[in-house]
There are 2 protein chains.
Amino acid sequence: MPAQQEKILACACELYLEAGLPGFSMRKLAKNVGVTAPALYRHYDGKNKVLADVVRAAYQAYQGYVYRALRAATPIERFFQAGEGYLDFALEHPRWYKIMFSSPERLGMQELPKDIEAMGWGVHQFWIDRVRECMQVGILKEADPLRTSLTMWAHAHGMVQLYHQGLFPMDQEEFRSLFEESGARMMSGFATDSFRTQLEELNLLGQTAPQA
Amino acid sequence: MPAQQEKILACACELYLEAGLPGFSMRKLAKNVGVTAPALYRHYDGKNKVLADVVRAAYQAYQGYVYRALRAATPIERFFQAGEGYLDFALEHPRWYKIMFSSPERLGMQELPKDIEAMGWGVHQFWIDRVRECMQVGILKEADPLRTSLTMWAHAHGMVQLYHQGLFPMDQEEFRSLFEESGARMMSGFATDSFRTQLEELNLLGQTAPQA
DNA sequence: GACACTGTGTTTACGGTGTTTACATGCCAG
DNA sequence: CTGGCATGTAAACACCGTAAACACAGTGTC
């Protein structure tokens, strides 16, 4: 990747992270780079292509938060550390999280580039692997890891989306514990009996919480 | 609500539904209404206010799909019919679904109007009620209905979002059965033993599905 | 050295956007 | 009839993405 293109991309990421998608324009980007807008077109074939590279950078940032969990020793540690990394990423970089899971329409494209689509599937594949190894060591009940991890991912993604939209009137710390508790509640259906007992001992299932 | 404002809103909904958020402009809206753009400002204080009313209309459409479930006789029927209505709405009107759960930033606002926020909480409250009455008749285990329904809602919302983003390479029918199966899997953790047996008999839990 | 080519920038321009201002028109109450 | 009000218009401003034409510096070749 040529140096000037890299510089443009770096400025583009910075601009997107501080101004969001509606505040992202080629003219502002050009000013940040130190050139005029049409010059950007020497290096990028339009705004969409710049944004596509910002999405790729978002996936890279995501991977930095989640893949470090692979250094843990056991499947269950890898699973929980990855979950923590997922939540950290979603809370510390909401704009990066949002652009990763933006529909093509929102980015002004008809279809996502194939390699970005593949990155989305990669996120899923990672969780399939975590779930599979948890099944192998008897923490989760034997089942289809693909479908089980999909259920878990959808839950986590939905929680984050609803929080980002402002539907939970609470601060980050409260949401964090809500997220963990909700995840544990959901997982109690997939967990083996012995692991479910562990979850209950962590007081994460909230079986005796007050009525709303 | 004055007649002309109503006409503008109707055209705005139509325009949004067929062109999406990026294709929605005050000038196009004005042309559809049969007027020039500045005339819209006599009735609406800017694009944001129009969009806010489109969001309100989206919530109304949502309610039409989900509230009819309240006519069913038993809590369990109300729960499942509401779930079906939720999915129908999400699949038949993806743009309405998307704008309901768009972050304020995407709509060009800093904060959502209070009444729209309240509509979001209303969606949650509806599910709290469904879950509570299922607990009362012994279909779901006794627990905090607020938190239990939140877990369920987040799961449903996450599934829909990931599907809308194109992360599931499948058609609507396949997704529909995936959604139901995933919901049943998640609910198996909240269900009483007798109800879980029912779910298993419906072959919804996919315990013996193939590996990925 | 002269030349052409290539890479990279610029200026200018076109059509689109949200929105404001100033002006016109029609209608209705006093 | 007339003033005021509701409602439209045209013109303008400041942005936006992007295309076309032009400028210039570096490089390789004859």
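So you know, we letter chains A, B, ... as the sequences are listed, proteins then strands, and number each from 1.
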Does the side chain of A/R147 reach to within under 4.5 Å of the side chain of A/V131, using non-hydrogen atoms?
->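 With C-beta onward as the side chain, the pair stays apart.
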Is there a side-chain contact between B/V50 and B/L29, using heavy atoms and a 4.5 Å cut-off?
->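 The answer is yes, as the side chains (C-beta and beyond) meet within the 4.5 Å cut-off.
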Nearest whole angstrom, please: distance from the [atom2] of [N] to the [atom1] of [X].
X     : N      : atom1 : atom2 : result
A/K49 : D/dG17 : NZ    : C1'   : 14 Å
A/K47 : D/dA19 : NZ    : P     : 14 Å
A/I8  : D/dG17 : CD1   : C1'   : 15 Å

The ring-ring contact (aromatic ring centres under 6.0 Å, His included) partners of B/H157 (sequence neighbours excluded) come to B/Y97, B/F101
Of all residues at least two apart in sequence or in a different chain, which pass the side-chain contact (heavy atoms from CB on, under 4.5 Å) check with A/H93?
-> A/Y65, A/F89, A/W96
Within residues 27-43 of chain B, the residues having a heavy atom closer than 4.0 Å to DNA chain C are B/R27, B/K28, B/A37, B/P38, B/Y41, B/R42
Under the salt bridge (Lys or Arg N to Asp or Glu O under 4.0 Å) rule, what pairs show up with a residue in residues 9-33 of chain A, not counting sequence neighbours?
->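 Of all non-adjacent pairs touching residues 9-33 of chain A, none passes salt bridge (Lys or Arg N to Asp or Glu O under 4.0 Å).
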In the 5' to 3' direction, the nucleotides of DNA chain C bounding the stretch that comes under 4.0 Å of a heavy atom in chain B are C/dT17 to C/dC23
Restricting to pairs with a member in residues 5-56 of chain A, which pass ring-ring contact (aromatic ring centres under 6.0 Å, His included), not counting sequence neighbours?
->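 Matches after skipping sequence neighbours: none remain.
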Remember a base hit wins even if backbone is also touched, and classify B/Y44 as base, sugar-phosphate or nothing at under 4.0 Å, heavy atoms.
->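 Counting heavy atoms under 4.0 Å across all strands, no contact is made by B/Y44.
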Could you tell me whether A/Y67 and A/Y62 have their ring centroids closer than 6.0 angstrom?
->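 A/Y67 vs A/Y62: aromatic centres not under 6.0 Å.
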Using a strict 4.0 Å threshold on nitrogen-to-oxygen distance, state whether A/D144 and A/R132 make a salt bridge.
->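 Salt bridge between A/D144 and A/R132, a charged N being under 4.0 Å from a carboxylate O: no.
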